[in-house]
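Within every chain, numbering begins at 1; the chains are lettered A, B, ... in the order of the sequence lines, protein sequences first and strands thereafter. Reckoned from all heavy atoms, side chains included, excluding hydrogens, waters and symmetry mates.
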Amino acid sequence: MSTAELTATTPQHDQDHHAEGHDHPEWLAHHFESPQQQTSAAKLGVWLFLAQEVLFFAGLFAAYAVYRANHPEVFLNAHHYLNPTLGAFNTIVLLASSLAVAWGVRAAQLNDQKTLLWTHIFTLACAGMFMGVKAVEYMYKLYEGLYWAGRYAPDPEVQFGVIQHNLVWTVFWCMVIGVATMGFGWKQKSGPKPGRGWISFSVGAVIASAGAGIVIANGIQAYEVESHMSQHVAAAHGEAELEGLEGIAAAEAIDKAAEAHPVDEHAAEGAEAAPEGEAAEHAPEAPAPAPRVEGEVNAGNFFSIYFAMTGVHALHIIGGILAILWIVGRIGRGDFGPHYFDPVEGVGLYWHLVDLVWIFLFPLLYLIH
Amino acid sequence: MIAHTSKPLVSGETGRRVEIPEGPSYLTGGGLMSWAFTLDHKRIGVMYLCGILGFFLIGGLLAILIRLELWNPAADLLAFGQGADATARAEIAKNNFNQVFTLHGAIMVFLFIIPSIPAALGNFVVPIMVGAKDVAFPRLNLASFHLYFVGACFFIAALLTTGLDTGWTFYTPYSVTTTGPVVLATMGVFILGFSSIFTGLNFIVTINTMRPRGMTWFRMPLFLWSIYATSIIQVLATPVLAITLLLLMTERMLGIGIFDSARGGDPVLFQHFFWFYSHPAVYIMILPAMGVISEVIPTFSRKHIFGYRFIAYSSIAIALIGFLVWGHHMFTSGQSALATAIFSFLTFAVAIPSAIKVFNWLATMYKGSIHFNTPMCYAISFMALFTIGGLTGLPLGALATDIHLHDTYFVVAHFHYVMMGGTLISFLAALFYWWPKLFGRMYNERFGQLSAIIVFIGFNLTFFTQFILGVKGMPRRYASYEGSDAFPVTPELLETFTTLHRISTVGALILGAGLFIAAGTLIASLWYGRKAPANPWGAATLEWKCCSPPTQQNFEVNPIMGPPYVYDDIKYDPAIDGYYEVVPDRTTKPMQDPV
Ligand code: HEM
Ligand SMILES: [Cu+2]
């Protein structure tokens, strides 16, 4: 074997060893030989993690593709339900946050601590706002009965008064708690643990901007929803009556018709499959009989995919918020500078990926025509 | 720390013995907590080892139950005497049988085989092989072990509440409608998946960025190549399983309809997703095993590995092509004829790199000076069994024959030959190979060799019969074979089935006995074994260049590495009954690269 000079350490080597040990900076983990090695390990690690994330989401996108290929009509019909303005708003929010994160990395390289800190707090605020908007979207869906396939039971006569009322209180509490936490953090940051102070401040910022997101989204939604929803319901019913079976955009109406006919074999199956027995409740208002072609296929299928994809994405946003809070804490402690900013870069890359996923989700879900 | 390398090696040093500094073992010191929250890759590896061996025992006992139930044609044993009349008892037995084989399969796959070589032994060996103090991300490594622990708890919960009867494959629509604890178990698999991803990620980064000076890609021990290939699959395939199981859970709990044809979903989509992970997963199981064999064979043949680059590239080829063949599990599930043909072709293609490896190992042994130590006995056993397992994959990959053989005992035999005859046997080879390094004790060779022989005999009795059973039409996952309207069995056939099943059951008991001897040999060594020298086998990779067991830092000085399979400078020392290395004379003998 021609390896290795595993010769025992001579005294001279010991000295070298110690000399190196001394300029081993605090942020360099003991098992790495050099900062370069640590940085390349961190980089590769993050990229592999992102590759893993991509494949995780790929499963959802594949499910989307299969579902859409099998039932294009359901997806076409879906554009009645989602509000592209809200989606676009959130897209812009996320793009802005991505910009901020990238800017933050640059600031770390330039040792501009202030920019480094505030870009990250801005990012967190954007994330909070995104979640606020998403929350409103979800709330409206659930109030309208636009659940996933297993529970799908749209109710066109839904009263939005209740939901508005609830939202007012949610916003109120978001603002109170958010601003209070921010204030608390602001005071704490001049104490012995500035990192923690900045974390509290940022948590407050997330909550407060979630509140702001709710206000904005609710504004947009309230402005559009009345006209939009009534239009679409009318249209759906109209087409169903006009085109009967062929009315592709009217999946929902067909669905109702079938559910209203307990004699129909498929409908009976449907009632069984839906645990709530929605079919039975709706039975009295039976419109025109329309035999079911596709079993239980309805707009609920679209919402299954919608909730699965946006839900998993939202979980990733929450993960991102936690990671960025950790970064903010370390920025506050003064951990980063031109010599060491691997974690800032890593979390930043993750955040870009989460944004990127949204960039795909937005057209696939909101812009179907 | 690499300072000493600057000292030139002068020819006068030829023949100087390389001393290996002794130090306190990584095993000493610290209480339970220092183990549970250790960042030391060696301790994490040892904890993984305890975990997987525990589950191997549970899974093995369940297997014995399966075999005993099949002793008689009727479903009887697993009723445990309950049930009013014979039919009621048979029903109970059949239900229990479904649960037993499900748990057996799921435990063996997710809790034993997948983490066996990479997470347990790999964790111990990989960083030492690259001369590092630890893996790149020690905390992630610990997280991986903790996730394994939590995932295992979910499984135990499913085991205790019982009723999981979907098979380890969780196929929809059955897994959506059955009453068993599917969510609990799939949650467990989901968590275990991340444990596996973290391990793989760590190994890729460790191998990529932490190799020692002198260790170019083509001077890496082949074990590292195979772990690298495995890790690629772990990182890229496992997330697909994760999202699939997440969708399955929501399907079950909320009825989102993605896999439910009644709601416009597609149950076959589940199979696609599942096998997109699970076919590559069979390579997560076999690639590390191949890596072990690539270490053991040259060491005990005292010969440079033959076709180093071919073996290295084959690992990568297997990892990549392995992503494209999942459809061969669904030849009969209704995929398009074109897809079927393509998947069949690719399946044949993926067999080629496996065969390349087998031929290279054989060529390595050819004219070698073979030492039949226990690891070598297991390695030779591996070659025989894995070859049978691989070759019987071909009739399953061929369209015409698979229609007949699909879902019969032929498939069961095939995958046991590769998974048990391949991975498990190789795991045992690895365990016997690295045991002296892990715990610093030598075991009794005679008992070790005996266990290898008994395991080999028991294994073939158990599973070769199953090939014949399968060809004769015995379906898998059946508790009884006495015949029914749906599964008519003539009296002659019944007799054949009974004989073969009984041989198989006897074989399983012999196999079990062999494994107990192996376990006893190893455990006894901890008390009675003599102290292991640093290099008991005369191997040339880095893990034999630190003391046995290693110190917490592995190496005092960061090592430098040359080609890994050159044995000229390794000399035997009868005083320690082990080997030592002499410093080579670089002036007359330049470093060689592998061929
Ligand atoms: C040499 C190359 C191999 C080929 C050509 C091959 C081919 C196949 C085919 C075509 C099937 C599907 C049979 C059916 O369900 O009808 C199959 C099943 C299986 N193979 Fe392989 N295989 C190979 C290697 C391996 C290896 C290395 C492993 C594991 C370490 C493995 C594990 C399995 C398992 C677990 C199944 C059954 C899955 C189930 O249905 O539960 N195979 N193999
Ligand atoms: Cu396969």
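Interface remark: B/F194 contributes side-chain atoms only to the contact with chain A (heavy atom separation under 4.5 Å). The part of B/Q553 that comes within reach of chain A is its side chain, from C-beta onward, which places non-hydrogen atoms under 4.5 angstrom from that chain. Neither the backbone nor the side chain of B/I232 comes within contact range of chain A; no heavy atoms are under 4.5 Å apart. Looking at B/A242, both its backbone and its side chain come within 4.5 Å of chain A, counting heavy atoms on both sides. Both the backbone and the side chain of B/I204 come within less than 4.5 Å of a heavy atom in chain A. Residue B/L140 does not touch chain A at all, counting heavy-atom pairs closer than 4.5 Å. Residue contact with chain A, scored on non-hydrogen atoms closer than 4.5 Å, involves the backbone and the side chain of B/L236 alike. In this structure, the portions of A/F49 lying under 4.5 Å from any heavy atom of chain B include both its backbone and its side chain.
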- May I have the step-by-step check of ring-ring contact (aromatic ring centres under 6.0 Å, His included) for B/F137 and B/F198, ending in yes or no? CA-CA 9 Å; B/F137 307 116; B/F198 290 166; over 10 Å; no
- Decide yes or no on ring-ring contact (aromatic ring centres under 6.0 Å, His included) for A/F302 and A/Y81, but give the supporting numbers first. CA-CA 10 Å; A/F302 174 80; A/Y81 298 99; 7.8 Å; no
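For a heavy-atom cut-off of 4.5 Å, chain B lies close to A/A308, A/V312 in residues 308-318 of chain A.
At distances below 3.5 Å, not a single donor-acceptor pair connects side-chain atoms of B/Q234 with backbone N or O atoms of B/L201. Using a distance-only test at 3.5 Å, with no hydrogens or angles considered, no donor-acceptor pair links the side chain of B/D266 to the main chain of B/F259. B/Y572 places no side-chain N or O within donor-acceptor distance of the main-chain N or O of B/G538, the cut-off being under 3.5 Å.
The residue among B/V235, B/V240, B/I258 with the most heavy atom pairs within less than 4.5 Å of chain A is B/I258. Most heavy-atom pairs under 4.5 Å with chain B: of the set A/A42, A/A41, A/G59, this distinction falls to A/A41. Considering only heavy-atom pairs separated by less than 4.5 Å from chain B, the leading option among A/Q52, A/E53, A/Q37 is A/Q52.
Under the rule for a side chain to side chain contact (heavy atoms under 4.5 Å, CB included), the partners of B/P138 that lie at least two apart in sequence or sit in another chain are A/H31, B/L39, B/D134.
In summary, B/R17 and B/E581 do not engage in a salt bridge, as defined by a charged side-chain N under 4.0 Å from a carboxylate O.
Between A/F75 and A/Y67 the shortest side-chain heavy-atom distance falls below 4.5 Å. The shortest distance between side-chain heavy atoms of A/V46 and A/Y350 does not fall below 4.5 Å.
Atom CD of B/Q552 sits in a sparse spot, with 12 or fewer heavy atoms from other residues, nucleotides or ligands closer than 6.0 Å.
Figure legend: cation-pi geometry between B/K42 and B/Y26, with NZ or CZ positioned under 6.0 Å from the six-membered ring centre and within 45° of its axis.
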